[in-house]
Amino acid sequence: MFDALSARLEKVSQSLRSRGRLTEADLDNALGEVRTALLEADVELSVVRAFLDAVRVRVAGEDVATSLTPGQHVIKAVHDQLVEVLGGSALKVTYAAKPPTVILLAGLQGAGKTTTAGKLANWFKSQGRQPYLVGTDLQRPAAVEQLRVLGAQIGVEVYSEPSNPVEVARKGVAEAIRLGRDVVIIDTAGRLSIDAALMAEVRFIAGAVNPHYTFLVIDAVTGQDAVHTARAFHESLELSGIIVTKLDYDARGGAVLSARGVVGRPVVFASTGEKMGDFDLFHPDRMASRILGMGDIMSLIEQAERTMDADVMADSTQRMLAGQFTLDDFMTQMNQVRKMGSLGGLMKLVPGMNKEMRDAASNIDDGHLNRVEAIIRSMTPKERRDPSLIDGSRRSRIAKGCGQTVNDVNTLLKQFDQMKKMMKTMGRGGMPQMPGGGKMAQMAEKLGAARGMELPEGFEALGAGMNAGGAGGLGPRPAGGAGGGQKGKKKKGGRVTPPKTR
Amino acid sequence: MTLFWVLLVAVIVGAGVVAVRRRRRPRLATPLVRQAMPEVLVTEVAPIPTLLESAVASAPASLESRLGASRGIFDRVRSLGSGTLSETDLEVVEEVLLRSDVGLATTTALLDELRTNGAPDGVASAIRAALNASFVADRSVRTAADEGRIAVWLFVGVNGVGKTTTIGKLAARATSAGQHVVLAAGDTFRAAAADQLALWAERSGADIVRAAEGADPGSVIHDALGRAQARGADIVLADTAGRRANSTNLLDELAKIRRVADRLPGQVVETLMVLDATTGQNALSQAKEFLAAAAVTGIVLTKLDGTARGGIVVAIERELQIPVKFVGIGETVDDLIDFDPTAFVDSLLS
C-alpha cells in the first residue's frame, strides 16, 4: 500500500547511510526526495510543507552526538514525524458505560461507508459485542438493501424504514436499546462537503442520536481533496476519528496523512480488502515502519498466530536454532508459512528487506514448494532425520518416487545442508554468510541501523524471540553481539551501530 | 535460494510467536476487565443548525455553478503578470497544479513547457494554453455498432466511483432520445448492486437483465445481448463490479467479460472507465491497467461537483491518450454532461 513511498525513502536512506557527516545540502537533498515521495503519494501540499518543516526542526533540535549516523538521524526524524502525524499509538476503542455505544459513519459518495458499516459490525462481533446496524442512506438506490445483505452475511440485524434519515437514526438507536444491543453503527448517505443541505442533515442525525464516536470514512486513493473533505466534515461533525478504506489498492495512501494532518484525529480502522474480515484497527507505528521499509513484524506475528499452530512452530524453531533441524521440521515450517499466504506478501512485512529481496521471494510460486514437499515425502522417515544416509541409489529411488530428476533431489539436499549450517550459526548469535553474496549481512546492517531508533515493540519481540530460541540475536545485534568474531561480514563501509542500551 | 526465503520467514515468525507467547503468559493470569468509557467522548458537538439553514436550495445543474466552491488560491494565477516568468510565478502555477491533483510529473513537464515558451500574454493564458494542448484526443462517442450487431458500452472502474449511477444517467439520456436500452447488471459481486441498477432501469424506462449475486458477470452480459437481439434494442449498457486495478485475477476477469461482450451479436463500441474526481495519482495506474485489460476508449469523470478538481485526467490524457468523454456533476438524472476541455481548464485555473 505504501510501497512506492517506502521505495523512495529507502533510496534516500541508502544514499545517506554511507555519509559520515550531514551537510545542509545533504539535508536539503534528502528532504527534497521526501517531498517528492509525499507528493507522489497524494499527500496534500500544505501537509507536506508542515511535515518537512517539522522534520527539519527535529533534525536540528536533536543531539547529533548519539550513536546514529547522519543518515539514520534523518530517517529517524522522518519516522518519528510520520508516527506523530499518523497518530501516535493506536486509538483504543472503549465502550459507553451506559450502552449502547453509538457510532456514526459519514463521508463522500463511494468512499465505502456501507461496506465499512458491515465490516465494523463484524469487527465488534468478533470482539464479543452485539452490534446493530442502522441504515439512514435513503438517497442512493438500494443502499439500505446493500446494508441488509451485508448484515445477513455477518449475522447482524439491520434497522431502516423509508421515512427520513434523522427519524431512522433516532428509532434505530431506540430499537437497539430495546433489543439490548451494545453497539449501534449508523450508516449515512454519501454527501459532498459543500452540499449545505446534506451537511445540515448529517448534523441533525448527530444531534438526534448523540454519537460517542463519529468516524469519517475516507478512501485511500483520494488525492489533494482529502483535506477539504476532512476539514469540512470535522467542522460540521466534530469527528472522533478516521476510517481509511481501500488500502489494498496500490495507492500510496497519502490521503491518510493529509486527513490526519488536518483533522488532528487518529486513523482508527483500516479496511484492506473485499471480504468482511479484511478490516482491523489501524496501527500508526506499524504503518510508519512500513513506509520506511522497516517491515511490520507485529502484523506478521499476529497473522502467524491467527493461522499457524503456534506450538508446532515454536518447537521446530527452537530445534532449528539449536542446529538439530530435520527435513521433517523443514516441511512443517514450510507448510505453516504457506498457510499464512503468499511468500511475497509476507516478505513485505519482514523488516530490513529491500526490493530486490522481496522480488526474489515473490517469484517463488506454489508449484515450486509443492515439488519440494513431494521430494521430502518420497524419503523414508530415517532419511528425513539424517539426510547424510542418502546415497546414489536412494537418490534415484526418491527421484522416481516424486517424479522428478535426481538433479532436483541433489539440489534440495545441498540447499538443505547449507541452510542447516546457516541456521546453526544464527542460533549461536552469528550472522551467516548467504550463499551467493552477502545479502544476509546487508540485512543485518539494516536491522542494526533500525536498532538505534525508537522502534515498534515488534523489534524487541524479535530480539527476545531469538534469544528464546537460541543464544544470540538475529537482527538487533548484527555484529559485535553475542557471537563475536564476525568482523568482515558486515558490508564494507557500513557503519555498525553499537547496541543501544535502554 | 527458494528454501532460504521460506525458512527466513519461518524463523522470524517462529521466533516472534515464541516471544509473544512468552510475554502474554503472565497477562493471562489477570482477569479481563473492561474499561469504562466516559459516556460522551465528544464534548464540543457543533451547534445544531436551524431548519432555515437546511432549506437552502441547491443550485441548478451547470458546470460553472457547481464548480464555484472554494477557489481561494486559484485566484492568484490570474493576478500573475505577463512577459517574463519569474520563479515566484512558476511556484504559484506549480502549487495550483499540484493542488488540482495534476501530479508531480505532469506539473514539472508543464512548467518546463512554460519555461521554454515563456508567457507573452500573461502567465494565466500561457498555462491555459499548455493545459489545452493536453486535451487533443478525439472525444466523439460511438453509439452504433456494425451492421447486424448490437452496440455495447462497457463500464469499468474501481469500487465506489459511480459506475452504476453513471449507467443510470446514460440510460435515461438514451431512452429520452428514443433509443431502446438494455441494462446488464454485471456487478454480481457487491451486495445489492443489481437492485440499485434495477431502480435506475425503472426510472429511465430501460430493460434490465440481472442474475443472482455471485453469478458469472459474463453470462449476465451474454443474456443481455440475447434479450437485446430478441427485442431489437439499440444499445446494451453493461455494468461491471468495481475492482482494484492491481489484481491480476480481477483484471483477467474483466478482460474475459469484455471478450464475451464483444462476441456476436455484441460489439463493444465504447469501454468507459469511470473515475472519481477526488482520486489522486492512483488514477493513472488505474487507467493504465484498465486500458491494458479492457481497451478503455474513454473516461467518465464523476463527482466533479465537489471540491475536487480531477486534474489527474490531464496526466491521463497526456500519457495514455485516453479522452474524457463525460462529466458527472450531481446525483440527478440530468447531472451528466459532455466533457468540455476549455471549461474544464478554466475551472482548474479559475
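By convention in this document, chain letters (A, B, ...) are assigned in the order of the sequence lines, proteins followed by strands, and residues within each chain are numbered from 1.
- Looking only at heavy-atom pairs under 4.5 Å with chain A, the residue among Leu199(B), Thr164(B), Leu197(B) that has the most is Leu199(B).
- Within the model, atoms CG of Asp195(A) and CG of Asp305(B) stand 8.5 Å from one another, a figure rounded to the nearest 0.5 Å.
- Comparing Ala194(B), Ala192(B), Ala191(B) by how many heavy-atom pairs each has under 4.5 Å with chain A, the most go to Ala191(B).
- For the residue pair Thr307(B)/Asp225(A), the side-chain donor-acceptor check at 3.5 Å is satisfied.
- One distance of note links CZ of Arg99(B) with CD of Glu44(A); it measures 4.5 Å at 0.5 Å rounding.
- Taken from CG in Asp276(B) to CG in Asp219(A), the straight-line distance is 7.0 Å, to the nearest 0.5 Å.
- Note that the CG atom of Leu104(B) and the CZ atom of Arg35(A) stand 6.5 Å from one another [nearest 0.5 Å].
- Asn282(B) contributes no side-chain N or O that, together with a main-chain N or O of Val221(A), makes up a donor-acceptor pair within less than 3.5 Å.
- Contact count against chain B (heavy-atom pairs under 4.5 Å) is highest for Ser46(A) among Ser46(A), Ala152(A), Gly112(A).
- Salt bridge annotation for Arg140(A)-Glu331(B): absent, with no cationic side-chain nitrogen under 4.0 angstrom from a carboxylate oxygen.
- Panel note: side chain Asp195(B), backbone Ala142(A); no donor-acceptor pair is recorded below 3.5 Å.
- In this structure, chain A has no heavy atom under 4.5 Å from any part of Glu202(B).
- Residue Leu192(A) holds its CG atom at 8.5 Å from NZ of Lys303(B), rounded to the nearest 0.5 Å.
- Note that CD of Gln224(A) and CG of Leu97(B) are 11.0 Å apart. Values are rounded to the nearest 0.5 Å.
- For Leu98(B), the parts sitting under 4.5 Å from any heavy atom of chain A are the backbone and the side chain alike.
- In this structure, chain B has a heavy atom under 4.5 Å from the side chain of Ser193(A), while its backbone stays farther away.
- Between chain B and the residues Pro141(A), Gly110(A), Ala111(A), the largest count of heavy-atom pairs under 4.5 Å involves Pro141(A).
- When the candidates Thr279(B), Val161(B), Thr165(B), Ile312(B) are compared by the number of heavy-atom contacts under 4.5 Å with chain A, Thr279(B) comes out ahead.
- With a 4.5 angstrom heavy-atom cutoff, Leu108(A) touches chain B only via side-chain atoms.
- Your options are Val158(B), Asp101(B), Thr302(B), and the one with the most heavy-atom pairs under 4.5 Å with chain A is Asp101(B).
- Using a 4.5 Å cut-off between heavy atoms, Arg191(A) makes no contact with chain B at all.
- Side-chain contact between Arg190(B) and Val149(A) is absent, with no heavy-atom pair separated by less than 4.5 Å.
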